[in-house]
Amino acid sequence: MSYLNRKSIRLKGYDYSWPGWYFVTMGTGWRECFFGTVADDMMNLSRLGAAADAMWREIPNHHENVKLDIHQVMPNRVHGIVGFGESDWKPRG
C-alpha cells in the first residue's frame with residue numbers, strides 16, 4: 001500500500017492546534033486484531049484491548065486541559081472523541 005498518493009482529509013485553513021473536540025482513530029500495525037474479537041454483536045476485549053481501554057480512560061489524568069467523550073475499542077483500532085484546551089461543550093459521560 002502506497003501512502004505517497006494519499007489525499008489529505010484535513011480542513012483547508014483550519015489550525016489543528018486550536019482548542020476543540022477531535023475524532024481520533026488509532027490503529028494497530030498491519031491491521032492486526034490485537035484488541036479482541038466481535039461475537040454476537042459484542043466486543044470481547046483481549047488483555048491488550050483491556051489495556052488500550054484503560055489507557056484511553058487515563059489520558060486526562062496525565063495531560064492538563066484534555067477531556068474525553070465516548071470511545072470504542074475495536075479488534076484493530078480505537079476510535080474516540082478527545083477535547084483539547086478550553087471548550088464550552090461538555091462530554092456526555
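The basis for the numbers below is simple: all heavy atoms, side chains too, and nothing from hydrogens, waters or symmetry mates.
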Exam field: side chain Asp15 to backbone Ser17, donor-acceptor pair closer than 3.5 Å
yes

Side chain Ser46, main chain Phe34, donor-acceptor under 3.5 Å
yes

Over all heavy atoms of both residues, which pair between [X] and [Y] is shortest? Give the atoms and the distance, please.
{"X": "Pro75", "Y": "Val38", "result": "CG-CG2, 3.9 Å"}
{"X": "Met43", "Y": "Val73", "result": "CG-O, 3.4 Å"}
{"X": "Val66", "Y": "Pro60", "result": "O-CB, 3.5 Å"}
{"X": "Trp56", "Y": "Val82", "result": "CH2-CB, 4.3 Å"}
{"X": "Val78", "Y": "Ala52", "result": "CG2-CB, 4.3 Å"}

With a sphere of 6.0 Å drawn around CH2 of Trp18, does it hold more than 12 non-hydrogen atoms of other residues, nucleotides or ligands?
yes

Below 30° counts as parallel, above 60° as perpendicular, anything between as tilted: where do the rings of Tyr22 and Tyr16 land?
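Ring orientation, 0 to 90° scale: tilted.
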
Nearest 0.5 Å, please: how far is [atom2] in [Y] from [atom1] in [X]?
{"X": "Asp53", "Y": "Leu48", "atom1": "CG", "atom2": "CG", "result": "12.5 Å"}
{"X": "Met74", "Y": "Thr25", "atom1": "CE", "atom2": "OG1", "result": "9.0 Å"}
{"X": "Arg77", "Y": "Arg31", "atom1": "CZ", "atom2": "CZ", "result": "7.5 Å"}

Transitively linked via ILVMFWY side-chain contacts under 4.5 Å: Trp21 with Ile70?
yes

If hydrophobic clusters are built from ILVMFWY residues whose side chains come within less than 4.5 Å, do Met55 and Phe35 share one?
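In one cluster: no.
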
Only one of Glu58, His63, Arg57 clears side-chain hydrogen bond (donor to acceptor under 3.5 Å, both in side chains) with Asn61; which?
Glu58

